[in-house]
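What follows is one structure encoded as C-alpha cells, with my remarks underneath.
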Amino acid sequence: MSTLFDVHADAPRPRAAEGPDALLDGLNPQQREAVLHTGSPLLVVAGAGSGKTKVLTHRIGYLLAARDVHPGQVMAITFTNKAAAEMKERVTALVGPRANAMWVSTFHSMCVRLLRREAKQLRELLDSDMSSSFSIYDADDTRRLVTLVARDLDLDPKRYPARTLAAHVSNHKNELIDPQRAAALAAGDLERRVAEVYAAYQRRLGEANALDFDDLIMRTVQLLQAFPEVAEHYRRRFRHVLVDEYQDTNHAQYVLVRELVGTEADSEVEPSELCVVGDADQSIYAFRGATIRNIVEFERDFPNARTILLEQNYRSTQTILSAANAVIARNPNRRDKRLWTEAGDGHKIIGYVADNEHDEAAFVASEIDKLVDSGECGNGDIAVFYRTNHQSRVFEEIFIRLGLPYRVVGGVRFYERREVRDALAYLRVLANPEDTVSLRRILNVPKRGIGDRAESCVSAHAERERVSFAAALREAAAGRIPELNPRSQRAIAGFVDLVDELRGLVDAGEDVAAVLDAVLDRTGYRAELEASDDPQDGSRLDNLTELVTVAREFTEGAGPVEEAEEAADVPAQDSLAAFLERVSLVADSDSVPEQGEGVVTLMTLHTAKGLEFPVVFCTGWEDGVFPHLRALSEPAELAEERRLAYVGITRARQRLYLSRSLMRSAWGQPVTNPASRFLDEIPHDLLDWRRVESERSGPSAATTWGRRSTGGDSAQAGLAERGMRTTSFRGWRSGGEAAAPALKLEVGDRVNHDKYGLGTVVATEGSGPRATATIDFGSAGTIKLMLIGGVPLVKL
DNA sequence: GTCCATGACCTCTAT
DNA sequence: GGTCATGGAC
C-alpha cells in the first residue's frame, strides 16, 4: 500500500547537470533517435523489454535540458499510478525537482483534474449543478445505479441484466456516442432499451453529482470540444504530450489526445509535439474498449508521423524471446517484429504437466523452495501468473501451508471489500451530499430500522416531487412524507442527524483519518463488528483499521504536497475529495510489492503487463483456461489471448516455467482440459518437460500425452483457427481449510520453523482453523503464518 | 423489518 | 464454490 502514496522527491545528482548529452549515454541508435526526434508526431513501437520507459524519461529529460522546454509545458499520460509515479521519479532523477511542474498522471486522474478545474464549463456542458466535488462511480456503483434505472423503466431483469446494460452504455461512452445518437442508431429491441437506460442513467448521474469512469474521459472530450477557448488554453500550456501504452487507448482516449495536441486547422496554436509509445502485440484490453487501430493507424491519423521500432531487448534470455516470438508470430495481420538480445540463450523453459491444480501449485511451491534455497534468487524475484483471479486460491493455500511469504495483487481487491466500500460510501456522502448511490448504500448500514419499504417510500416521494433522494430524505425526517410510518420517520431523522453531525467534522477541518474514525465510531459500524462472533468480521475490522491508516498516510504523506503548484486548483477542505479520488482510481498494479519486500507475487496475466521478474511461473496452460473458453471460437479474441501469452512470457528475465493441469475443478466440478494450443506454438527444443504425463491417473492422461507428442501437426491445426497478502488486507479469503490448529501459540512463545529457524511469537490473531501467528525470525524476517495442520513449526 | 433458505449465475481480463 | 437477489417465516 505504501507505494501508492510514495513520492520520492529526493533526487541524487541530476544527470542533466552533466550536460544534455549525458542523457544520450547508454542508448542504442533507435532509442537515441526517439529521444532526439523533433517536430512531427512520433510513434515509438517498443517491443517488450526494449527500454521504452527509458526512452520516455530520457526524452522528457532531453526536452527540459537541451530544448529549453519548461516542465510546466509537459504532459505525460499513463494507465496506472505506478507507471506515472515511476516516470516522475525517473525524470526527477534526470533533471531534478523542477520535474514536479509536469503533469504526469493516468488518463483518468488527468481528466478529473481538468474537469475539477473547469467545473464552471462542466456545469454548462451538463446543464446541471455538478460541482467540483463530484463523486467518481466505479463499475459496482454504476451497476447499482443501472439497476435502479432499469427498475424505474420496468425492464425485466432477466431479459435485461444490469451488467449487460451497463456494458452497452460503457461501450457507447468509449465510442463517444451520446444518448441521443444511441437512440438514433438503435436497431434492435435491446439497443433501444439500452438507449433509454443510457439517457436515464446519465440524468441520474447528474442528479447525484457523479461521473463514472467512462464519463471522466468522455466528458473531458466533450468539454474541450464545446469550449474551444478552454482547449486552446491547454494547448498553449502543454506543448509536449507523451502517451504511454498507446495500444491500450480506446476511441475516446484517442480523441482526447487529439484534442489536447490540436491540429493545423486549429488556427491559433501550432499543434503540440506528440510522442506515443506502445506495442500492438501487448494490446490486451480490447474487452474494455481499447482498439489496436489507434496504434496501427497512427501514421494515417497524424500525417508526417515518424515511426521508430525498438526491437533490442534488455530483459530476457534469447530462449525466452524465441518462445515469445514464435507464439506471437501466429497472430494474423501484425506488423512483423522480432525481439533479440545480446544476453545469450540462458536456461531452457521448464514445462510441467500436473494431475490437478493442487499438484500444479505444489510443483510451483517446491521449485520456488529449491531456487530460494540454492541462493539463486529471493522470494521477491519470483512471480506466479494465471489467467483468472480465482486460480490464485490453490497457490495461496499451499503457500500458507508452507509458510512461503507471498502477496496476491488484485483479486478480491481491498477497495472492493464490503466494509471498505461501506466506509468510503460514508465519506462520499460527506463530500457530496447528492451522491444517491452511496447514500442508499449506507442508509441502513449498520441496521438502523430503515427497510426497503421506507426506502422506496422516500424514493417515490423524490420522483413525485422532482427533488433529489437526499432532499426527500430530509423531507421524510421532518415528517413531511405522510405515507411513512412514525417508526421509519424517527429512524430516518436519526440518520440525517448523524450525517449532519459527521459533516460538521468535515466543515470544522478535521482530517480524513479523523473523519473516517468518527464515521466508524458514531455509526456503530465498528461496534457491530467487534460484537460479532463471525470470524470474518475480525478481518473486516482489520481492513477498516487499515483504511484508517491509509487515510492517515494520505494526509501526512505527499498527497497535497506533490501538487503544490496546483494547490490553488482545489479548495483546501477537499483533502477529502482528493482522498476519495485517489482511492477511486487505484489500479491493481499500483500495489505490486517491491522486490525488496521479499514476497512471491501472484497476479493475473493482465496485471503483469509492464512488470518483469527474474523468475516467472506461468500457470494453467490449458485450452478453456488459457486461452479462455470464451475465446476459443472467436478469432479476434483468440488473438488477444495469444498477446496475453506473449505478455506473460516476456515478463521473465532468467527463468520461465510453463505448467498445465490435466484436471481442475471449476464451479466445484472437476473438469479435464486439453493442453493449451499456445504450448504447441513454442519450438520444442526450447522446452524441457519436467513431467509430461500422469503416473497415477487414468485415460485422460494418455490422450493428452498423445496430443502433446504430435505437437507439430496440431500447431498447424491451431493456425487454421506487507508480508503476504496481508499488507493491504489482513486476513485471507474465507472458506477452504478445515484443519484444526496444529498448535496453540501465545505472544512470547519461542518456536522453531523448518525453514526460518528460531523465532519469537510477536502477535496472534483468530482462532480455530483461522488462527495465525506473527513470528519474528530475526534475520529471516517477521512472518505471519497460519497455524493449520501441516505447518512445519514446533513450539519450544 | 430482519433473518434465513433457496436458486441463479457465475469469473475472464479492469481504469 | 462463492455471491447476490428473492421470497417466506417470524
Side-chain angles (χ1 to χ4, degrees), chain A residues 77-84 105-112 136-144 147 151 157-158 161-164 167 170 173-174 211-217 245 248-250 252-253 283-290 357 385-394 409-413 415-418 444 446-455 485 487-488 491 536 581-590 603-609 620 624-632 634 637 640-641 643-644 647-648 664-670 733-736:
Chain A
I77 310 175
T78 63
F79 274 86
T80 66
N81 299 303
K82 192 186 168 77
S105 60
T106 64
F107 266 106
H108 292 85
S109 35
M110 186 270 283
C111 289
V112 170
I136 300 167
Y137 279 5
D138 69 10
D140 184 68
D141 303 314
T142 294
R143 212 206 61 242
R144 282 165 180 264
T147 306
R151 211 176 280 161
K158 295 238 158 44
R163 291 177 59 99
T164 310
S170 172
K173 292 184 176 185
N174 289 336
L211 297 175
D212 67 22
F213 277 155
D214 302 313
D215 276 341
L216 295 179
I217 313 289
E245 307 280 16
D248 288 336
T249 52
N250 60 34
Q253 287 159 336
S283 159
I284 54 174
Y285 286 111
F287 71 90
R288 71 175 198 216
E357 70 268 36
F385 301 155
Y386 34 78
R387 177 63 177 79
T388 58
N389 277 305
H390 71 268
Q391 290 172 256
S392 71
R393 197 188 170 96
V394 280
V409 179
V412 186
R413 300 205 282 283
Y415 291 107
E416 282 171 13
R417 285 165 180 265
R418 194 176 73 205
N444 198 32
K447 302 246 180 301
R448 50 175 73 91
I450 308 174
D452 293 345
R453 200 193 164 83
E455 185 184 340
N485 71 45
R487 230 171 71 190
S488 303
Q536 266 199 34
E581 174 187 328
R582 197 62 175 261
V583 299
S584 300
L585 299 178
V586 280
D588 280 348
S589 55
D590 291 337
M603 68 187 111
T604 64
L605 285 159
H606 284 86
T607 307
K609 191 164 69 110
V625 174
F626 180 40
H628 191 269
L629 189 60
R630 289 184 48 181
L632 290 178
E634 182 50 56
E637 287 191 37
E640 177 143 322
E641 297 281 312
R643 292 193 289 270
L644 204 47
V647 166
R664 111 173 25 245
S665 42
W667 307 288
Q669 294 295 310
R733 277 181 202 179
S734 58

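Sequence lines set the chain letters: A, B, ... in the order given, protein chains first and strands last, and positions in each chain run from 1. Because the structure is predicted, anything quoted here is derived from the model rather than measured. Below, all heavy atoms of this structure are taken into account, side chains as well, without hydrogens, waters or symmetry copies.
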Summarise how protein sits on nucleotides 6-11 of chain B as a single string, 5' to 3': B when a protein heavy atom is under 4.0 Å from the base, S for sugar-phosphate-only contact, - for no contact.
----BB

Test of understanding: with side-chain hydrogen bond (donor to acceptor under 3.5 Å, both in side chains), list the residues that count as partners of A:Thr142, not counting sequence neighbours.
A:Tyr201

Can you tell me which residue among A:Ile136, A:Leu211, A:Thr106 is in a side-chain contact (heavy atoms from CB on, under 4.5 Å) with A:Val112?
A:Ile136

When all nucleic acid strands are considered with a 4.0 Å heavy-atom cut-off, which category describes A:Phe79: base, sugar-phosphate, or nothing?
sugar-phosphate

Please encode protein proximity along nucleotides 5-10 of chain C as a string of B, S and -, counting only heavy-atom distances under 4.0 Å.
S-----

A:Asn389 vs B:dC12: side-chain N/O to OP1/OP2 distance below 4.0 Å:
no

Consecutive Watson-Crick or G-U pairs in runs of at least 3, all under 3.5 Å, in which DNA chain C is involved:
B:1-9 with C:2-10

Using the 3.5 Å cut-off, write out each protein N or O paired with an N or O of nucleotides 1-4 of chain B and the distance between them.
residue, atom, partner, partner atom, Å
B:dG1, OP1, A:Gly451, N, 3.2
B:dT2, OP1, A:Gly449, N, 3.3
B:dT2, OP2, A:Asn444, ND2, 3.3

What is the distance, to the nearest angstrom, from the CD1 atom on A:Ile284 to the P atom on B:dT13?
12 Å

Applying ring-ring contact (aromatic ring centres under 6.0 Å, His included) to A:Phe213 and not counting sequence neighbours gives A:His108

Nearest-0.5 Å distance that lies between atom CG in A:Asn174 and atom CZ in A:Arg288:
9.5 Å

Sorted by chain and number, sequence neighbours left out, salt bridge (charged side-chain N to carboxylate O under 4.0 Å, His left out) with A:Asp141 holds for A:Arg421, A:Arg428

Distance test, side-chain N/O of A:Thr604 to OP1/OP2 of B:dA14, below 4.0 Å:
yes

Mind checking if A:Thr106 touches a base, just sugar-phosphate, or nothing, with heavy atoms under 4.0 Å?
nothing

Have a look at A:Phe107 and say if it touches a base, only the backbone sugar-phosphate, or nothing, with a 4.0 Å heavy-atom cut-off.
nothing

For A:His628, which residues count as a ring-ring contact (aromatic ring centres under 6.0 Å, His included) partner, sequence neighbours excluded?
none

Would you say that A:Pro627 contacts A:Leu632 through its side chain, given a criterion of any heavy-atom pair below 4.5 Å between the two side chains?
yes

Whole-Å distance between B:dT15 C1' and A:Leu585 CG?
7 Å

Taking salt bridge (charged side-chain N to carboxylate O under 4.0 Å, His left out) as the definition, give me every residue that meets it alongside A:Glu245, ordered by chain and number, with sequence neighbours left out.
A:Lys52, A:Lys609

Do A:Thr388 and A:Gln391 get their side chains close enough for a donor-acceptor pair, meaning under 3.5 Å?
yes

What residues form a side chain to side chain contact (heavy atoms under 4.5 Å, CB included) with A:Arg487, not counting sequence neighbours?
A:Asn485, A:Arg490

My understanding is that only residues two or more places apart in sequence, or in another chain, count here; which of them pass ring-ring contact (aromatic ring centres under 6.0 Å, His included) with A:Phe626?
A:Trp621, A:Phe678

Please name the pair of heavy atoms, one in A:Asp212 and one in A:Lys173, separated by the smallest distance, quoted to 0.1 Å.
OD2-NZ, 2.7 Å

Considering only heavy atoms from C-beta outward, does the side chain of A:His606 approach that of A:Ile284 to under 4.5 Å?
yes

Interatomic distance at P, C:dC4 relative to B:dT13, whole Å
15 Å

In whole angstroms, how far is the C1' atom of B:dC12 from the CE atom of A:Met603?
17 Å

When the distance from CD of A:Glu640 to P of B:dT13 is rounded to whole Å, what number comes out?
13 Å

Mind checking what makes side chain to side chain contact (heavy atoms under 4.5 Å, CB included) contact with A:Glu357, not counting sequence neighbours?
A:Val394, A:Arg664, A:Ser665

How many Å lie between CD on A:Glu357 and P on C:dG1, as a whole number?
11 Å

Below the 4.0 Å mark, does B:dT15 have OP1 or OP2 next to a side-chain nitrogen or oxygen of A:Thr80?
no

